[in-house]
Every structure is written in C-alpha cells, then in structure tokens.
Participant: 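One structure follows; several queries about it will come next.
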Amino acid sequence: MSKWTLVVHGGAGMGVPSKEIPMQAYYDGIEAALEAGRQVLQSGGLAVDAVAAAVSAMEDNSVFNAGRGGALDASGKVVCEASIATSGPHGDRSCGVLGTTTVRNPIKFAQTLMDHDGIQRTGGSPPILLGPEEAEAVADELGRDVVPRESPEWFVMDMRTEALVVAKKHTVPTTPLNVSAAEILEDAVQDAVDTVGQGDIARADDIVHTNPDRDWPDGAEDWVDEGVEDVPGIDDMAGETVGAVARDCYGNLSAATSTGGRCNKPVGRVGDSCIIGCGTLAEEGSALSGTGIGEAFVKAGACRWVADRAKAEVLLFKSVRELMNTRLQPGDGGMIGIDQTGAVTMDFNTRGMWRGWCNHWGVTVLGKWGNKDVVHKRIEAPPATVVRPTILANLSAPLREMTVPLPSSAEVWQPFAAVDSVPFALDAPNEGSHVPMYTTHQLSTVHEDIVRVVFPLQGSKRMAWPYWMSARAALRSESHDLQRSTAIVNLHFQVGLDSPDPGCVWWLNNEDWRACEYSAPLEENGNRVSSIDCIEQVVSRMARDKVHFPNLREVVFTGHSAGGQLAARLALLSTIDPVGTDGKGAAKFGTDKLAFKYVCGNPSSYTYLTPERAISDDSLTFEVPVDAPKDYNRWKYGLQERTGHAATFKTDQIIKQYGARNVVYLIGNADILNRVLYANTNDSLLDTSVPGMLQGRNRRARATIYLKHLEIVYGKPTHSIVAVPKVGHNNTKLWGSLPGREALFASL
C-alpha cells in the first residue's frame, strides 16, 4: 500500500469558544477539511492539491478565520492573505497573496499563481508574493472561471462585526510587537527572496508528536490562564489562521496557510500567513504551517527556523517545540508539520488549537481544544485503496519485501515509512494483534544454518528499518559463514500518530515504548503489552520452533541511543534469559537453552541501582545528591516508583539478574557533545534533564561513571565498556566498526 498523511489546523488562540459557535462546529469543520484532502490523496492525487482542498473547505466554513467569516480589519473589511508551497522530485515551488477582498478562495488563487507560467502583470513568471492591488488586478485578468469572486460583503459575518465593535471598545493594541505594516512587508519580501531556490537536502525524521505536556517557561502557565481577559472578539474567537500539510504517495510534501488576520488590524497590515518561510514552508524534509500572532512568527522566521533545524538533524517535533518554548512567547500560536516519512507534529503554546490528521489506513484523529487533552475523537475505517495515475507512477518506488538481498548504499537511507514490514502476530494483548517486523529470514520457512539472531532495537526517532539495514550492513563485513548463520530481526514500536494499521500495537507517546510502559489498549478495557513483551514473544516463537530454527543458540539485543537504553532495560527486566534467575521464566518461554548478550550503544542515560550519584565526572565519588529534585532516582533513571513492565519485578530480583548478565556498553569515543554545556554543538537527543545531567556531562562520561557505580554495587567488575575510536553518536559507524562487529557477532 502507498502511504499518505494529511494534517490540518483550524487555528490556535488564547480565546475561548464563543457562544455563537458550538465547539462541535469546529470539530465538524476540521473533519470536513480532512475529508476534502483525503478524497484527493486516496485517489492518487498530489499533496499540493490535497492541502489546497483542505484549506479551501475551511475558507468556505464561516466558523474559521479565513475566507468567508474572516476577522475584520479596522475599516470593517475581511482582508485575506494566504500562501502555498510544495516540494518534490521536480523542485520546490511556492506563492503567497495578500490583501484580497473579493477572491473566494485565496489559497486556490495562490496555487493558480504558483502554477501559472505566463501572467502578464508578473513579468511572465510566477510570483512568490503578490501584493493587494496587483492580486485583485491579476484575479480580474484571469477571470472568474479561473478565480471565483464574491462581493466584499459576502465575506462579512455578523459575529465578526460584533467582535470588531468589542475590540474597538476595549482598545486592544493592533500592533502588539510595535512593528509597522511597512516594516513587516519589507522583511517579508526579503524573507521570500532568501527562501527561493534553497534546495538543501534534509534528512527525514521519523518522529510524530503532539505536545499536551509542553515545557512552559517559568510562570507561563499562570500568564496563560490568568493574564488574558476572556473578552469575546479580542485577538481571536478560540482560533486563528487555518492550514494544512501533507505527504502524498509519491513522497511530495506540501503546505498551505490562509487567514483573515487579526480582529481590528490596521488597514494594510501584513501577517505571516502569506510569507513563505514565516507562516508556510515546504521543502525536501519538512512541510510546515503556522497559526497565531503573525508579527511574532515573522520576527522569528518561524517556519524557516524550524526547517533549518530539521536540516541539522534535529527532530522535527523537537524543533517545533523549541520554537514554541524559546523563540515565541506563551500565547503566540501553534504549528503543524510533516516530514519526509509522513510523520506528524502538532504543537502550540496557547490555550488550544483546532487540529486533526488522517492517513492511508483510514484513521482519522481530531485533537481536542485545550492544552492537556490530546484526542477528541478517533475514527478507524478500512484502509483506502490508492490509485496511481500512470503519468506519475515513476515518482515513487517503495521497497516491499524485506527478505530481498541488501539494497545498494544509495537505497539504504530511503525514508522507512515507504517500506512495508511483515506483521508479527502476537499471542497478546488481543487475538489478531500484531507488531511490524523486519527480518532477514521469514519465520515460516526452514533455516537450519541459523545459530544466532540479532535484534538492532530502534532509537528515539523510531527508525526501525534503517537500524535493521545498518545491522545488515555491519554483518556484510563479516565472513560468509557468519553471514549465513546470523538472522537480523527488528520490531517497529509505533506511537499513535505513526499511523499504526488496525490491530497493530502502539504506544501513547514516544517515551512509553522505550521505558517499557504498556501499550494503548486496542479495544475498550483491552489487554496491553510492553515492548519487552513483544520482543520476548518473537524470541520465544523462534526458540520453540525446532522445525524452522532447529539450531538457534544465541540471541543478541543491541540498540543505539534510545535503543541502547531499551537493550539495557531488557537486561534488567527480561525473563527469557535464564542467567540470574531460577530459570522458570526461560523454561516457560522455551529459551532456557539459549545464550543472551546485551550490547548497549551510546545510551543517553542509565538505570542506577541505588540513589547515589557521582559528585563530579572526575572524582568518581558517589553520594546521595542534596539539591536534586525528588524524582531524580525514579524509573527510568533509578529503581524507585517503577511503572509498567518494571513494576512487575522486585528490586532485589532486578539487581541480581542485571549483574549476572552479559552486558556490554558500546561507546563512541567522540560522543562527547552536550548543547547545554558547550556552545555551537548540536546533540538534541542527549538527555539534558536534571536526572540525566546527574549521570555525567556527556554519553562517554556517563558510561564510565555508570560502570564504576556497578562495581560499587556488586563489589566487583561486572559489565564492560567497549570504546570505539573516532566515532560519535552514529549507529552505522558504531556497529560497522571492528569493535562493534566483534561485540555483535562474536560467538557467545
């Protein structure tokens, strides 16, 4: 199946839903916009047409502040602005329009201008930003058949007129950041010019995120809840700009944004929604649409800043969150985004944001207005059948079966979302449940040569397939006999916005699967499993199957970064390894005759077995921290207050079996970056929380300190460190090095 994803927002704001418009009207509007875009994508259409359709649906819906029903400026008119951008195999294109008062759908007008090859008034080439007078004049030139028009009065709604009266009465500042419209327009044009032609290749991230528990600056929550008057009509009516982002089945990314602006805005004021790089952006690697206070987004260069961070290999959701928490002020707005894999982020620093997404599996999720509640409604339908137009069939060639020979190096780092995995049927939590699996050897065929299976566990980006491919690439450097006797199997642990197909186990957030918390229930009051449960089911199935894997003797769990943490937690909590236990659990799983090894690559943090921490990186003297927060030693940083899978074990049992097991910490000698301690360093994946920093200043230091901690706990050296020279935080180089390959593939 070809994969596509669509995300829309109906505005973020500091207001409260008005009495004139019930909340259900907003939810219905978001759902209708998703349906308009879905019809395009599921029939094989392009992302740019999908975002235009979705935004047009909201422009025609008077509950949203875009098109008809938009906010009124100081003169009482609805003055619209919009922009659209798309990125794909044929390059990047974009266009914005501002100051339209008669164009029915400004977003489709912007799309028309972007696609038009010869508009006389624009010098024969598509404009990137078209101002008020010229926009209306070009619309006249193109004609109503191409650009549908309405009278200015058609756009005005009674509730917006009343809101303007209230806004004027309360004398709300109309230029909140003391930036004139002329300055905004001048900066906008320069930003647009700077943005054109930038085609740097961005690495695809595979994180999906909404941020219900955002990290507010000190005092911000009080400011949000108490510092803004609930006066209807001021700034917004529980929503601002509308927008959409999408990835189609050919890998194209597109974004669209449209707005009526702020209530009582000065005549001639320009916001961010028409400016490519501020309110809208689509390029290889990311597509973004913002909503909120336009002046703030322009000053921050919001979309361009996030996209540049993504190019620097910062996770897209982390870039958007950092924008919300550091570049913008509380209450400034929100943003939706999608990366090359189709993974989604939706974040805001306001009281709420209307939002939703849908995908090729027939899943539709509506986000709930408010800061804490993420999901308002989740709908599941049978997967849509995608029809590919013949003319576009050559734009995408997804790899299908993961038992094919290793692809060439040029194919290894294709986005994993374009690859179909093999579903592994789970015995639990429910009948018919499964987890996506990548394997070099099908479990249903005979493999007499296989004596070892290696699990390269996914990292925080959940890139299960590239990790699987990296382990295969490392294996290719070994002897033919070793290659023939080793299977590589990986499971893909997904979160809700990863578009899990029906029956697939998934977790509520990106922390739960690696902290061994339980999955979301697949049905009301249904059973749940941890990531360890899933892994143990796979190993047990292979160990018990004497027909297909009659000679299996060794199991190696490895991982990098967050995957390295999960490998360590397997050593702490697994019952399939007979070492350090009474063997009853292993006998139950049929794994009592197997040898196990845990290779933990560059983990960001460790689970301490006692409350003491090193007083410094150099002294290796351990004491209980005096000024540390109360939760510094809770699970996963320590053994206190354990939850999920970890709560099923006694502390003494965990300590006993962990010390007895074959655990190796595979550490890159150059993995020493820390963006908090050292300026101009970029390691956004390092845990820099207080509990994390109590373990050391960087990953290399943390490994050394932790090994000393274990020696103190057990009274003797137990586990070992394998240092890899000249390697930083890179799983491919770590596993592919000579020490890395020896750790993974040497006989146990």
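Each residue takes its place number in the sequence, starting with 1.
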Participant: Using modelled atom types and a 3.5 Å cut-off, is there a donor and acceptor pairing between side-chain atoms of R247 and backbone atoms of Q340?
Facilitator: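 Side chain of R247 to backbone of Q340: a pair is present.
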
Participant: Short question: side chain of T257, backbone of G279 - any donor-acceptor pair under 3.5 Å?
Facilitator: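 Pair found, side chain donor or acceptor close to backbone of G279.
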
Participant: Do Q42 and W4 come close enough that some side-chain heavy atom pair is under 4.5 Å?
Facilitator: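 Yes, close enough: below the 4.5 Å cut-off.
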
Participant: To check you understand the geometry: which heavy-atom pair defines the closest contact between W369 and Y27, and what is its length?
Facilitator: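 Here W369 and Y27 meet closest at N-OH, 3.3 Å.
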
Participant: Can you give me the closest heavy-atom contact between R321 and D347, atom names plus distance?
Facilitator: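 Closest heavy-atom pair between R321 and D347: CA-OD2, 3.4 Å.
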
Participant: For R149, which residues count as a salt bridge (charged side-chain N to carboxylate O under 4.0 Å, His left out) partner, sequence neighbours excluded?
Facilitator: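 E136, D140.
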
Participant: If you look at every heavy atom in S62 and M159, which pair is closest and at what distance?
Facilitator: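 Closest heavy-atom pair between S62 and M159: O-CE, 3.1 Å.
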
Participant: Return the minimal non-hydrogen interatomic distance between A296 and D332, and the atom names on each side.
Facilitator: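 Residues A296 and D332, closest heavy atoms: CB-OD2, 3.5 Å.
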
Participant: Taking the basic N atoms (NZ, or NE/NH1/NH2) and the acidic carboxylate oxygens, is any pair closer than 4.0 Å for E283 and R304?
Facilitator: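 Judged by the 4.0 Å cut-off on N to carboxylate O distance, E283 and R304 do form a salt bridge.
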
Participant: Look up atom CD1 in I30 and atom SG in C358, then write down how far apart they are to the nearest 0.5 Å.
Facilitator: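 Nearest 0.5 Å value for the CD1-SG distance: 11.5 Å.
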
Participant: Can you name the residues that form a side chain to side chain contact (heavy atoms under 4.5 Å, CB included) with A47, not counting sequence neighbours?
Facilitator: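 For A47 the side chain to side chain contact (heavy atoms under 4.5 Å, CB included) partners, ignoring immediate neighbours, are A246, D248, S254.
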
Participant: Among all residues two or more places apart in sequence or in another chain, which pass the side chain to side chain donor-acceptor pair (under 3.5 Å) test with E59?
Facilitator: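 In terms of side chain to side chain donor-acceptor pair (under 3.5 Å), with neighbours along the sequence ignored, E59 is linked to N105, S258.
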
Participant: Given 3.5 Å as the limit, does a donor-acceptor pair link the side chain of N264 with the main chain of L164, or not?
Facilitator: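 Pair absent, no side-chain N/O of N264 close to backbone of L164.
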
Participant: Taking side chain to side chain donor-acceptor pair (under 3.5 Å) as the test, write out the residues that go with T100, two or more places apart.
Facilitator: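 Checked T100 against side chain to side chain donor-acceptor pair (under 3.5 Å); zero matches.
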
Participant: Does Y26 use its side chain to pair, donor to acceptor, with the backbone of R355 at less than 3.5 Å?
Facilitator: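 Side chain of Y26 to backbone of R355, a donor-acceptor pair under 3.5 Å: no, none is there.
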
Participant: In chain order, what residues pass the side chain to side chain donor-acceptor pair (under 3.5 Å) check against S83, with sequence neighbours excluded?
Facilitator: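 So S83 forms a side chain to side chain donor-acceptor pair (under 3.5 Å) with T280.
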
Participant: Give a yes or no answer on whether the side chain of E81 reaches the backbone of G99 with a donor-acceptor pair at less than 3.5 Å.
Facilitator: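 Answer holds: no.
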
Participant: Restricting to pairs with a member in residues 94-110, which pass salt bridge (Lys or Arg N to Asp or Glu O under 4.0 Å), not counting sequence neighbours?
Facilitator: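 Only D60-R104, R104-E150 qualify under salt bridge (Lys or Arg N to Asp or Glu O under 4.0 Å).
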
